[in-house]
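Order of the sequence lines fixes the chain letters, A, B, ..., with proteins taken first and strands second; residue numbering starts at 1 for each chain. In this text the structure is predicted, and so the values were computed from the model without any measurement.
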Amino acid sequence: MEFLKDWITQIIYIAILSIVLELLVPSSSLKKYAKVAIGFVIMITILNPLINFLKGGANIEAYVFKNDYFLKNINMEQISKEAEKQRDNLIVAEYKKRLIEQIKEKLLNLYEIEGVGVDVSFIEDLNDKEFGKIKEITLSFRNARTVSQDSEKIAKPTEDKKFNYEEIKKTISAFYNVPLKNITIKEE
Amino acid sequence: MEIFQIVILGIVVLIILTVLKETNPEMAIILSLVAGVIIFMMILPKLSAIVEVLNTLARKSGLDNIYFMTTLKIIGIAYITEFGVQLCLDANEKNLASKIEIAGKVIIIFLSIPIIVALMETILSIMP
């Protein structure tokens, strides 16, 4: 009898609650959607003790949690895919930045040239076996100048001497294993 | 009584809006938005009290928290969507209003999906 009394009390509470909740829903075309959802909640609450009684422990909450988790998980998977994509982009950008810095440093150390514009194109697909293999290097000497290591004296290339482009090409080609024809030098 | 303040605010804004709509329709939309937010802010403490009582009622009725939260979320979404839709209709942007309404409907269905599926699965599970 206790079970029946509890159940009836619960149904009365739910009925009152649902009336108040339906009063709260704004009067618009969305009202019927909200009413349907509220109706489902009432149905579950009324059915739950009955199902427990009939089945001896069917847990409706477990189903709700399972479906809720599943729906949220879909969202999480999308977010993690997006994050992975961004991480890959960051890796590629960082690799490119360091490569350019390295080439600039090399030019500065070996030939005492600074201000060279460097552009590198390489295999950017992280899943590729040959990721990072340099396809092409473009060196722009428009703003380049020689720097004397001993003193602070700075001279313009046109005033001082012409850069030895062929030698630079060969050095870069040998170091990075890039064919000579794929190294472009822009003098102006 | 708050209702006097709200109605007086509404009437004052209405008068300003009628004048503004002729001369400066852009400002009229902003003013109606601001008025809407102010009215909403005024009823917010009352609303939180109602939610508190409903919460107690839900606890007493043995309603699981996940259902109650979902229902409250649905009502909140309905309010916010309605607010946006009315604002768009005020600005004569019927297309945008219907899009906001669709978004509201989709989100409400999305929130009620776990409940619907759970109900279906439970009913099916007791079938002999």
Side-chain angles (χ1 to χ4, degrees), chain A residues 6-75, chain B residues 46-47 50-51 53-86 89 97-98 100-128:
Chain A
D6 281 350
W7 192 32
I8 292 167
T9 325
Q10 200 179 5
I11 290 173
I12 293 167
Y13 270 124
I14 288 289
I16 296 168
L17 190 69
S18 69
I19 290 168
V20 180
L21 285 176
E22 277 183 23
L23 282 176
L24 273 180
V25 181
S27 50
S28 68
S29 59
L30 291 169
K31 188 163 187 167
K32 54 186 175 195
Y33 289 82
K35 273 174 115 175
V36 168
I38 294 168
F40 278 125
V41 171
I42 297 165
M43 234 166 122
I44 285 184
T45 328
I46 293 173
L47 278 180
N48 207 14
L50 200 69
I51 287 162
N52 275 342
F53 180 69
L54 282 175
K55 246 214 144 184
N59 195 356
I60 199 164
E61 272 88 32
Y63 286 124
V64 174
F65 273 118
K66 196 180 86 185
N67 288 303
D68 199 38
Y69 174 77
F70 174 72
L71 281 172
K72 278 179 186 153
N73 210 25
I74 292 175
N75 214 3
Chain B
K46 305 266 180 213
L47 202 65
I50 294 173
V51 170
V53 173
L54 288 179
N55 215 347
T56 322
L57 212 62
R59 261 202 308 275
K60 274 188 184 168
S61 69
L63 185 68
D64 202 278
N65 207 32
I66 189 167
Y67 304 133
F68 186 64
M69 291 317 282
T70 310
T71 322
L72 280 187
K73 270 184 200 169
I74 287 170
I75 293 172
I77 288 163
Y79 268 107
I80 293 165
T81 313
E82 185 63 17
F83 184 69
V85 167
Q86 291 301 334
L89 287 178
S98 68
I100 293 176
E101 207 172 314
I102 290 169
K105 285 174 184 171
V106 170
I107 294 171
I108 287 177
I109 293 171
F110 178 81
L111 282 177
S112 47
I113 277 176
I115 298 173
I116 298 169
V117 178
L119 190 65
M120 284 294 296
E121 284 181 12
T122 329
I123 291 171
L124 286 177
S125 73
I126 55 165
M127 291 270 186

Review point. Is the shortest heavy-atom distance from the side chain of A/Leu71 to the side chain of B/Pro114 under 4.5 Å?
Key: yes
Exercise for review: Kindly indicate whether the side chain of A/Leu47, heavy atoms from C-beta on, has any atom under 4.5 Å from the side chain of B/Leu119.
Suggested key: yes
Just how far is it from atom [atom1] of [X] to atom [atom2] of [Y], taken to the nearest 0.5 Å?
{"X": "B/Ile100", "Y": "A/Leu30", "atom1": "CD1", "atom2": "CG", "result": "11.0 Å"}
{"X": "A/Phe40", "Y": "B/Met120", "atom1": "CZ", "atom2": "CE", "result": "9.0 Å"}
{"X": "B/Ile123", "Y": "A/Ile44", "atom1": "CD1", "atom2": "CD1", "result": "8.5 Å"}
{"X": "B/Lys60", "Y": "A/Leu17", "atom1": "NZ", "atom2": "CG", "result": "12.0 Å"}
{"X": "B/Ile116", "Y": "A/Met43", "atom1": "CD1", "atom2": "CE", "result": "10.5 Å"}

Review point. So which part of A/Thr9 gets closer than 4.5 Å to some heavy atom of chain B, the side chain, the backbone, both or neither?
Key: neither
Show me, pair by pair, the donor-acceptor contacts under 3.5 angstrom made by side chains of residues 71-81 of chain B, not counting sequence neighbours?
| from | atom 1 | to | atom 2 | distance (Å) |
| --- | --- | --- | --- | --- |
| B/Thr71 | OG1 | B/Tyr67 | O | 2.5 |
| B/Tyr79 | OH | A/Leu24 | O | 2.5 |
| B/Thr81 | OG1 | B/Ile77 | O | 2.5 |

Check your understanding: Of the backbone (N, CA, C, O) and the side chain (C-beta and beyond), which part of B/Ile115 lies under 4.5 Å from a heavy atom of chain A, both, or neither?
Key -> both
**Study point:** Pairs involving residues 101-119 of chain B, ordered by first then second residue, that meet salt bridge (Lys or Arg N to Asp or Glu O under 4.0 Å) (sequence neighbours left out)
**Key:** B/Glu101-B/Lys105
Point to revise | side-chain contact (heavy atoms from CB on, under 4.5 Å) between A/Leu21 and B/Leu54, worked out | key: CA-CA 8 Å; A/Leu21 285 176; B/Leu54 288 179; 3.7 Å; yes
